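Notes to accompany the following structure.
This is a predicted model, so every value here is computed, not measured.
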Amino acid sequence: MDTFESLLFGIAMGKNNRSEDVGNDTINGYTIDTCYTIDQGWETAVWYKNSEIVIVGRYPDKETAAQGHREWVETCTTNKPMMVYSVQTDRFESLRED
């Protein structure tokens, strides 16, 4: 799980370079965003309800991040997940619209 300090640092710094994006796709109301972050490295986030976010994957390198991004795009294309595991909070999180 992330430390409070790393979360604040990541929020304050944001993405360091848009050229480090692996992908950003909107599928079935979810936005799957995979990029390099200053605080945690390569990660995939699923955005829902226009502003809610769950970090669903972290990766050691760009190639693995690209594969993870493709897998999340496929997951959100073939079904609309209602629960996902958050690597940030270390628990399952709801993606429900209500």
Side-chain angles (χ1 to χ4, degrees):
M1 181 163 18
D2 296 338
T3 65
F4 181 69
E5 291 81 14
S6 73
L7 288 172
L8 286 178
F9 181 73
I11 291 167
M13 296 303 294
K15 293 181 184 179
N16 64 338
N17 185 346
R18 293 303 295 183
S19 69
E20 293 296 334
D21 286 357
V22 169
N24 185 290
D25 296 281
T26 301
I27 309 289
N28 287 332
Y30 303 124
T31 298
I32 301 96
D33 184 36
T34 304
C35 63
Y36 187 83
T37 62
I38 292 172
D39 61 328
Q40 296 295 324
W42 296 101
E43 65 183 19
T44 295
V46 174
W47 293 80
Y48 64 105
K49 290 200 259 181
N50 296 323
S51 63
E52 301 292 324
I53 184 174
V54 177
I55 307 299
V56 294
R58 291 204 171 114
Y59 316 101
D61 54 54
K62 189 173 187 174
E63 293 75 26
T64 309
Q67 177 62 36
H69 182 82
R70 288 188 295 271
E71 290 171 2
W72 277 102
V73 167
E74 178 66 22
T75 295
C76 292
T77 299
T78 58
N79 63 58
K80 191 169 181 175
M82 299 308 287
M83 297 284 289
V84 296
Y85 184 78
S86 169
V87 299
Q88 184 174 19
T89 62
D90 199 26
R91 66 177 184 235
F92 283 92
E93 301 284 349
S94 174
L95 299 180
R96 295 184 185 203
E97 295 295 322
D98 51 355

Quiz item: Taking the side chain from D33 and the backbone from A45, do they hold a donor-acceptor pair closer than 3.5 Å?
Solution: no

Self-check item: Backbone of M82 reached by a side-chain donor or acceptor of Y48 within 3.5 Å
Solution: no

Kindly compute the distance separating [atom1] ([X]) from [atom2] ([Y]), expressed to the nearest 0.5 Å.
X	Y	atom1	atom2	result
I32	E71	CD1	CD	12.5 Å
I55	Q88	CD1	CD	5.0 Å
N28	T75	CG	OG1	11.5 Å
E43	R58	CD	CZ	5.0 Å

Please find the pair of heavy atoms, one from [X] and one from [Y], that lie closest to each other, and give the distance.
X	Y	value
M83	F92	CE-CB, 3.8 Å
V22	A66	CG1-CA, 3.4 Å
C35	D21	CB-OD1, 3.3 Å
C76	Y30	SG-CD1, 3.7 Å

Quiz prompt | Residue from V46, T26, D25, I53 passing side-chain contact (heavy atoms from CB on, under 4.5 Å) with T31 | solution = T26

Practice problem: Apply side chain to side chain contact (heavy atoms under 4.5 Å, CB included) to W42 and T64, showing your working. | Solution: CA-CA 9 Å; W42 296 101; T64 309; over 6 Å; no

Exercise. Take Y59 and T44, measure what side chain to side chain contact (heavy atoms under 4.5 Å, CB included) needs, and give me the verdict at the end.
Key: CA-CA 9 Å; Y59 316 101; T44 295; 2.9 Å; yes

Exercise. List the steps, then state whether side-chain hydrogen bond (donor to acceptor under 3.5 Å, both in side chains) holds for Q67 with E63.
Key: CA-CA 6 Å; Q67 177 62 36; E63 293 75 26; over 6 Å; no

Quiz item: Does any non-hydrogen side-chain atom of Y36 lie less than 4.5 Å from one of K62?
Solution: no

